[in-house]
Amino acid sequence: MKIITWNCNGIRARFPLIEKLIENENPDVIFLQETKIEDKIFPSKSFFDLGYNHLFFRGEKSYNGVACISRIPFDDSGYKNWSNLEDCRHIYIRFNELTINNFYVPAGGDIPDINNDKFKHKVSFLLEVESWLSKKPTQRKEILLGDLNIAPLPDDVWSHKQLLNVVSHTPQEVQLLDKILISGNFTDIVRKFYKVPEKVFSWWSYRSKDWKLSNRGRRLDHIWTTKEIVSQTKKVKILKEVRGWEKPSDHVPIIIEID
DNA sequence: ATGGTAGCGAAGCTA
């Protein structure tokens with residue numbers, strides 16, 4: 001089973017690249033974040049035409065939004081609201097005994113201070129996810145993936161020192177993410193395939209003249225699996241080259257193949 | 001310290 005996660009930053013603006021990604025990789029399931037589209041105008045037919053007949057999505061006008069695009073029928077689907085907001089940052093899908101959660105964690109604004117409402121939202125969101133995961137049984141087949149908007153390791157950013165006080169890499173956020181990983185009994189499967197101290201990024205800002213040359217990236221996008229799935233994982237690949245495609249997202253897709 | 005770019009939707013917010 002080949003699964004892709006991608007913050008596409010606008011499903012309409014990115015549709016040609018989604019088609020190209022499908023053509024190149026032929027995935028079974030695609031999880032998207034930042035679809036930026038209301039449910040009533042979601043391009044379902046376009047995906048049916050590509051052979052993906054099983055869709056589940058939750059979006060709002062202009063912001064946020066997550067989707068699951070699948071060739072394989074799923075047995076259950078749903079979502080949760082976080083921080084008492086209906087801002088479409090989570091869905092889950094279940095294939096038989098395997099549950100997959102697709103998250104779009106709030107970015108957190110520019111100032112890493114609890115008096116900043118956006119940062120406060122990010123922290124409260126993460127605390128709620130942690131509490132939710134801690135109630136799940138330890139042994140289970142589950143994947144958590146998506147844009148978590150945190151680069152936890154020093155080698156997940158271009159400069160650990162220069163980003164220590166930058167939202168996405170502050171010790172406070174990293175601690176919260178670690179807690180969530182442990183509470184959910186997850187493994188950071190991407191780092192099993194891209195070992196420290198290799199620098200690994202999944203996002204490069206639009207605001208640089210040459211993203212590749214300056215290479216000031218961060219690993220904001222993640223795939224976590226429970227222990228039960230670690231040994232079944234055959235391959236993980238970050239599609240860095242997609243950042244260089246025409247009219248790219250600022251994030252790149254990540255692939256996981258499980259047996 | 002500042003400003004750089006992109007999507008959505010039609011000005012300004014969010015990232």
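Keep in mind that this is a model prediction, so the values were computed, not measured. Atom set for the values below is all heavy atoms of this structure, side chains included, hydrogens, waters and symmetry mates excluded. Note on naming: letters A, B, ... go to the chains in the order of the sequence lines (proteins, then strands), and numbering restarts at 1 for each one.
- Closest-nucleotide positions on DNA chain B for A/W203 and A/S208 were compared, and the one nearer the 5' end corresponds to A/S208.
- Atom CZ of A/R12 is separated from atom P of B/dC8 by 5 Å (rounded to the nearest Å).
- A/N64 places its CG atom 12 Å from the C1' atom of B/dG7, with the value rounded to the nearest Å.
- A cation-pi arrangement, defined by a distance under 6.0 Å to the six-membered ring centre and an angle within 45 degrees of its axis, is present between A/K136 and A/W132.
- Of the candidates B/dA15, B/dG7, B/dG9, B/dG9 carries the atom nearest the A/K61 side chain, counting heavy atoms from C-beta on.
- Whole-Å rounding puts the A/Y63 OH to B/dG12 P distance at 12 Å.
- Classification of A/E228 and A/R140 as a salt-bridged pair fails, no side-chain N sitting under 4.0 Å from a carboxylate O.
- Taking atom C1' on both nucleotides, B/dG4 is separated from B/dG9 by 22 Å, rounded to a whole Å.
- Remark: P of B/dA1 and CG of A/N165 are 12 Å apart, rounded to the nearest angstrom.
- As rounded to whole Å, 11 Å separates atom P of B/dT14 from atom CG of A/N116.
- Between A/H90 and A/Y92, the two ring planes are tilted [angle within 30° to 60°].
- Separation of the P atoms belonging to B/dG12 and B/dA1 is 28 Å when rounded to the nearest angstrom.
- When the P atom of B/dC8 is taken as reference, atom CZ of A/F42 falls 13 Å away, rounded to whole Å.
- At a cut-off of 3.5 angstrom, counting only N and O atoms as typed in the model, there is no donor on one side facing an acceptor on the other between the side-chain of A/R14 and the base of B/dA6.
- Using a 4.0 Å cut-off, no side-chain N or O of A/K118 falls inside it from OP1 or OP2 of B/dC13.
- The aromatic ring centres of A/F57 and A/F31 sit 6.0 Å or more apart.
- Where A/Y206 and A/G108 each meet DNA chain B at their nearest nucleotide, the meeting point lying more 5' is that of A/Y206.
- With distances taken from any side-chain atom of A/N9 to the nucleotides B/dG7, B/dG9, B/dT5, the minimum falls on B/dG7.
- The cationic group of A/K80 lies under 6.0 Å from the six-membered ring centre of A/W82 and within 45° of the ring axis, placing it in a cation-pi geometry.
- A gap of 23 Å separates the P atoms of B/dA6 and B/dT2, to the nearest Å.
- Among the heavy atoms of the strands, none lies under 4.0 Å from A/R243.
- The gap from the C1' atom of B/dG7 to that of B/dA11 amounts to 14 Å, rounded to the nearest Å.
- As rounded to whole Å, 17 Å separates atom P of B/dC13 from atom CD of A/E34.
- Residue A/E60 contributes atom CD, which lies 11 Å from atom C1' of B/dT14 at whole-angstrom precision.
- Looking at heavy-atom distances under 4.0 Å, A/K209 makes no contact with the nucleic acid at all.
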